[in-house]
Amino acid sequence: MRTGTGINTEQKNILVTGASGQLGYELTSRLRQRHGGDHVIATDIRENHSLADSGPFEYLDVLDRKQLEDIIEKHDIGEIYHLAAILSARGEREIEATWKLNTDGLLNVLNQARIKEIKRIFWPSSIAVFGPDAPREQTPQNTPLNPNTVYGISKVAGEQWCAYYHRRFGVDVRSVRYPGLIGYKSEPGGGTTDYAVDMLRTAINGQTFVCPVGRNTRLPMMYMEDAVKASIAIMEADPNHIRIRTSYNLASISFAPHELARVIQQYTGFRNVDYAPDERDAIAASWPDSIDDHEAQRDWGWNPDYDIKEMVQTIHQAVTAADVPDK
Ligand code: SER
């Protein structure tokens, strides 16, 4: 059995879909450190040179069932991190493509898991499952899920599909509702919460940042290190401890753009932020301010490491030391 503490010596390998994405890049890199580069198969429709250099990389459109099946067979896959998706802001511009990729892509993976008896699946849900009628503060695990966005609708449906495949076919699929993810090693794309990454990058480059989210619009956020830690922790937890088979609430930090700008100013001296809220502010305003994640803490020991200051300081130090990998 894979121990999770070193190089994987067992037969079965790990597949990551959407590996070139913001989370995919960092999660694949960490999984390769833990299990060995050859045992983690990175896939995407966009090639990433850094990932292609550190282990196997395959073109994969998760909507192509045959391609997915062939890759699972070719690489003897026993575990899948299924990350390929279109995020919230882009989703509002590409309604049908978002529904199709986010929902049919997941169904294709769940069906392969059932047929091929894949040991375990990770699939990310999001704070976007919540809509305006969920409590804004400390949003609980179980509350009305009436999202405003196609992305949110696809995540609510996806959560139900995960619970269904677990109940009906015994597929061991595990999920967390990620807040906005903030990292510096990979490019975000199409998300509402991406503004935070853009603000940090612009500040470090000393330019003026025009923020598309209103200065007081608070959102739950998380440093990428914690997001990677959560994915691996839930996947390595004892199956008997996973009591929620839709998706776990997950929390770390919450802030509004002006609060992030203030912390960035402390570390970089940067103070040039203008606010020009666009349609992303309306999406953000429909999501919670903060999340109650006590179930994740109780069931599989979730505990984030970074607050907002530690996150900004870490990113600032890393970027100014030019510790950014070639892409
Ligand atoms: N970060 C995502 C987005 O902004 C939410 O899960 O779309």
Side-chain angles (χ1 to χ4, degrees), residues 18 20-27 81-95 97-99 101-103 105-106 122-132 134 136 139 145-159 162 175-201 211-214 217-228 230-231 234 246-257 260 277-291 293 296 304 311:
S20 302
Q22 187 202 17
L23 171 63
Y25 176 79
E26 297 219 28
L27 186 53
Y81 289 76
H82 173 48
L83 311 180
I86 295 176
L87 299 190
S88 61
R90 186 177 154 201
E92 293 306 288
R93 300 190 296 271
E94 300 175 34
I95 295 173
T98 301
W99 174 255
L101 175 61
N102 294 7
T103 315
L106 173 61
F122 176 80
W123 173 77
S125 185
S126 162
I127 53 164
V129 294
F130 302 114
R136 294 196 71 86
T139 307
L145 301 182
N146 296 317
N148 267 358
T149 61
V150 178
Y151 175 69
I153 297 170
S154 75
K155 290 296 183 186
V156 172
E159 289 190 1
C162 289
S175 177
V176 295
R177 292 170 174 159
Y178 278 126
L181 303 185
I182 302 171
Y184 67 94
K185 296 181 183 168
S186 51
E187 290 287 332
T192 301
T193 57
D194 297 356
Y195 88 81
V197 178
D198 296 339
M199 187 189 286
L200 269 154
R201 287 206 168 150
C211 187
V213 171
T217 309
R218 282 176 76 84
L219 283 172
M221 297 277 191
M222 182 175 286
Y223 184 41
M224 188 61 82
E225 283 288 319
D226 277 328
V228 168
S231 314
I234 193 172
T246 49
S247 187
Y248 278 91
N249 273 11
L250 196 69
S252 168
I253 46 186
S254 282
F255 55 77
L260 178 62
D278 63 18
E279 66 284 352
R280 284 169 281 186
D281 189 51
I283 295 175
S286 75
W287 291 346
D289 288 10
S290 60
I291 300 285
D293 67 353
M311 176 184 78

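Position 1 is the first residue of the sequence, and the numbers go up from there. Start at 1 and go down the list; that is how both ligands and their atoms are numbered. The analysis underlying the following values was restricted to heavy atoms, covering all of them including side chains, and did not include hydrogens, waters or symmetry mates. What you see is a predicted model; the values in this text were computed from it and never measured.
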Any idea which atoms of ligand 1 are less than 4.0 Å away from a heavy-atom of [X]?
X	value
T192	3 (C), 4 (O), 7 (O)
W287	3 (C), 4 (O), 5 (C), 7 (O)
S88	3 (C), 4 (O), 7 (O)
L87	7 (O)
S126	5 (C), 6 (O)

Are [X] and [Y] side-chain neighbours, meaning at least one heavy-atom pair lies under 4.5 Å?
X	Y	answer
K155	W123	yes
F122	L83	yes
V156	P147	yes
Y248	D293	no
W287	P179	no

| Please state which protein non-hydrogen atom is closest to atom 1 (N) of ligand 1 and give its distance, to 0.1 Å? |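 Here the nearest protein heavy atom works out to T193 OG1, 2.8 Å.
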| query | CD1/I182 to CD1/I253 distance, rounded to the nearest 0.5 angstrom? | reply |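 Between atom CD1 of I182 and atom CD1 of I253 there are 5.5 Å.
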| said: Does only the side chain of Y195 get under 4.0 Å from ligand 1, or the backbone, or both, or neither? Count heavy atoms. | reply: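 It is neither part, as no heavy atom is under 4.0 Å.
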